[in-house]
Participant: 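Okay, handing you the structure first.
Numbers here are sequence positions counted from 1.
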Amino acid sequence: MVTARVQIVDVAPRDGLQSDAVMFTTEQKLELIRRIEAAGIDRIEVASFVHPGRVPQMADAEAVFAGLSARVPGNGMPSELQRSPRGNDKAASHIGLVLNERGFDRALAANVGEINVVVAVTDEFSQANQAMSTDESIAAASIVMRRAAEHGIPVSVTLSVAFGCPFIGEVSVDRVLGVVHRIATKGPSEIALADTIGCAVPVAVRGLISAVSDCIDPAIHLRAHFHNTRNSGLANALAAVESGVRVIDASLGGIGGCPFAPRATGNIPTEDLVYLLHRSGYETGVSLERLLAASGWLESELGHPVPSLVAKAGPFPM
């Protein structure tokens, strides 16, 4: 019996590839996106508009979106969040990540249909990742949200290191709530809580989601982003879903991780998450068989194994 539907946002083309030593060509990225879409994923974070010197793997962000432009741009957010940016529709939404107004200008010129902006909840990580304080990052995100609203583009805001910071350790719920409150007043469509360094455990996930849910407008959807650094990512994802979150990030094959987080490993694998959710009674609209085929292709293109375990063991029943 299906208990609910969970939307999966695949971040492999962006968060997955950004820290891999293998540099994909634009054509390889477009093929990766095509294969993820073919499996039924309807939101994909495909590129970040950041300085190429900081993240060289994302230097072709405009070229990636140009390669996708033959398809009709649109918005794959949950139906109640849809704003039909620029009046168009399509099966999948291609998300561009930005950190500031300069990145937004690039994304706007590339005709991006959905924006994700990142705010770190600790000054220490914000300085390391974005060369600005948390207050400055919130100010930058506020400008992006205002300008995106003028163009009818939905914005999700990802709060990085929401469960722990590599530089200061534990992050208090009160600190996260303070940032959430300030962001929520600026009109995001969605707020994502990110375990950037993979330190969270299910009890912490349930507690933070409950606290955040109590302090924001129900019209703002919650999303969760977990890394599997300490092998708790999938348990955390299930805890988030059981706590009412209906949008979860994952990366095909489990590739990726934050290049600015010491010893960080990959995201939770999309195929492992789909297997877990389906076996737990949740619907995703995603074909596990096609995901596994896409994961196999990705592994061959990278030339090294991907972390996914379902990719190795296969589905059950076979």
Participant: Below 4.5 Å, heavy atoms only, C-beta onward: do V212 and L222 meet side chain to side chain?
Facilitator: yes
Participant: Looking at V161, is its backbone amide N or carbonyl O close enough to the side chain of T196 to form a donor-acceptor pair, meaning the two atoms are under 3.5 Å apart?
Facilitator: yes
Participant: Are any of the side-chain heavy atoms of R106 and E62 separated by less than 4.5 Å?
Facilitator: yes
Participant: What are the two closest heavy atoms between S287 and R290, and how far apart are they?
Facilitator: OG-N, 3.1 Å
Participant: Please determine whether residues L298 and M23 belong to a single hydrophobic cluster, defined as Ile, Leu, Val, Met, Phe, Trp and Tyr linked transitively by side-chain heavy-atom distances below 4.5 Å.
Facilitator: no
Participant: Does any non-hydrogen side-chain atom of I95 lie less than 4.5 Å from one of I115?
Facilitator: no
Participant: So which of V171, V173, V203 actually passes side chain to side chain contact (heavy atoms under 4.5 Å, CB included) with L208?
Facilitator: V173
Participant: Side chain to side chain contact (heavy atoms under 4.5 Å, CB included) between I216 and D214: does it pass, once the steps are laid out?
Facilitator: CA-CA 6 Å; I216 63 172; D214 287 343; over 6 Å; no
Participant: For the pair E283 (side chain) and G285 (backbone), establish whether a donor and an acceptor sit closer than 3.5 Å, ignoring hydrogens and angles.
Facilitator: yes
Participant: Can you check whether K29 reaches V46 side chain to side chain, under 4.5 Å on heavy atoms?
Facilitator: no
Participant: Check the hydrophobic clustering (I, L, V, M, F, W, Y; side-chain heavy atoms under 4.5 Å; chains of links allowed) and say if V201 and L193 are grouped together.
Facilitator: no
Participant: Using 30° and 60° as the class limits, which term best fits the ring planes of H94 and F65: parallel, tilted or perpendicular?
Facilitator: perpendicular
Participant: Do the side chain of S251 and the main chain of G256 share a donor and acceptor less than 3.5 angstrom apart?
Facilitator: no
Participant: Indicate yes or no: at least one non-hydrogen side-chain atom of V306 is less than 4.5 angstrom from one of S295.
Facilitator: yes
Participant: Identify the two heavy atoms, one from M58 and one from P13, that lie closest to each other, and give their separation to 0.1 Å.
Facilitator: CE-O, 3.4 Å
Participant: Can you hop from V22 to V64 via hydrophobic side chains spaced under 4.5 Å?
Facilitator: yes
Participant: Nearest 0.5 angstrom please: D60 CG to Q28 CD, how far?
Facilitator: 10.5 Å
Participant: Is it true that, when you exclude R102 itself, more than 12 heavy atoms of the residues, nucleotides or ligands shown sit nearer than 6.0 Å to its CZ?
Facilitator: no
Participant: Measure the spacing between CD1 of I33 and CG of L252 and express it to the nearest 0.5 Å.
Facilitator: 12.0 Å
Participant: Would you compute the distance between atom CG of D272 and atom CG of N267 and round it to the nearest 0.5 angstrom?
Facilitator: 12.0 Å
Participant: Is a donor on one side and an acceptor on the other found under 3.5 Å between the side chain of K186 and the backbone of I143?
Facilitator: no
Participant: For V98 and A107, work out which heavy atoms get closest and say how close.
Facilitator: CG1-CB, 4.0 Å
Participant: Applying a strict under-4.5 Å side-chain criterion to I, L, V, M, F, W and Y, I'd like to know whether I248 and L309 cluster together.
Facilitator: no
Participant: So S126 and S133, side chain to side chain contact (heavy atoms under 4.5 Å, CB included) or not? Walk me through it.
Facilitator: CA-CA 6 Å; S126 188; S133 68; 5.6 Å; no
Participant: Does R54 reach the main-chain N or O of N129 with its side chain, forming a donor-acceptor pair under 3.5 Å?
Facilitator: yes
Participant: Could you state the interatomic distance from CD (Q7) to OG1 (T284), rounded to the nearest 0.5 Å?
Facilitator: 10.5 Å
Participant: Closest heavy-atom contact between V112 and G96?
Facilitator: CG1-N, 3.7 Å
Participant: Output, in order, the C-alpha distance, side-chain angles, deciding distance and verdict of side chain to side chain contact (heavy atoms under 4.5 Å, CB included) for R182 and V179.
Facilitator: CA-CA 5 Å; R182 294 170 66 187; V179 176; 5.8 Å; no
Participant: Does atom CZ of R147 have more than 12 heavy-atom neighbours, drawn from other residues, nucleotides or ligands, at distances under 6.0 Å?
Facilitator: yes
Participant: With clusters defined by side-chain heavy atoms of hydrophobic residues (ILVMFWY) lying less than 4.5 Å apart, directly or transitively, does F49 cluster with M132?
Facilitator: no
Participant: List the atom of A200, the atom of N236, and the distance in Å for their closest heavy-atom pair.
Facilitator: O-ND2, 3.0 Å
Participant: Quick check: do V117 and T158 have side-chain heavy atoms less than 4.5 Å from each other?
Facilitator: no
Participant: Quick one: ring pair (Phe, Tyr, Trp, His ring centres under 6.0 Å) pairs with a partner in residues 294-318, sequence neighbours left out?
Facilitator: none
Participant: Side chains of N116 and E45: any donor to acceptor distance under 3.5 Å?
Facilitator: yes
Participant: For the pair R43 and E190, find out whether any cationic side-chain nitrogen is under 4.0 Å from an anionic carboxylate oxygen.
Facilitator: yes
Participant: Got a donor-acceptor contact below 3.5 angstrom from the S189 side chain to the P154 backbone?
Facilitator: no
Participant: So, does N100 use its side chain to make a donor-acceptor pair with the main chain of G103 at under 3.5 Å?
Facilitator: yes
Participant: If you round to the nearest 0.5 Å, how far is OG of S137 from CZ of F125?
Facilitator: 11.0 Å
Participant: Given 3.5 Å as the limit, does a donor-acceptor pair link the side chain of D249 with the main chain of D10, or not?
Facilitator: no
Participant: Looking at every non-hydrogen atom in both residues, tell me the closest pair between G253 and P307 and how far apart they are.
Facilitator: O-CD, 2.9 Å
Participant: Determine whether D195 and H225 make a side-chain contact, defined as any pair of heavy atoms from C-beta on separated by less than 4.5 Å.
Facilitator: no
Participant: Looking at E37 and R34, does any basic side-chain N land under 4.0 Å from a carboxylate oxygen?
Facilitator: no
Participant: Is the backbone N or O of T134 less than 3.5 Å from a side-chain atom of D123, with the two atoms forming a donor-acceptor pair by type?
Facilitator: yes
Participant: Please report the C-alpha distance between R223 and S156 in whole Å, then the side-chain angles of each, then the deciding distance to 0.1 Å, and finally whether the side chain to side chain contact (heavy atoms under 4.5 Å, CB included) criterion is met.
Facilitator: CA-CA 9 Å; R223 174 173 154 194; S156 58; 3.3 Å; yes
Participant: What's the separation between atom CD in E101 and atom CZ in R146, rounded to the nearest 0.5 Å?
Facilitator: 7.0 Å
Participant: Is the side chain of Q130 donor-acceptor paired with the backbone N or O of Q127 at a distance under 3.5 Å, no angle test?
Facilitator: no
Participant: I'd like to check H181 versus L177 (side-chain heavy atoms, cut-off strictly below 4.5 Å). Are they in contact?
Facilitator: no
Participant: For E301, does the CD atom sit with more than 12 other heavy atoms under 6.0 Å from it, leaving out its own atoms?
Facilitator: yes
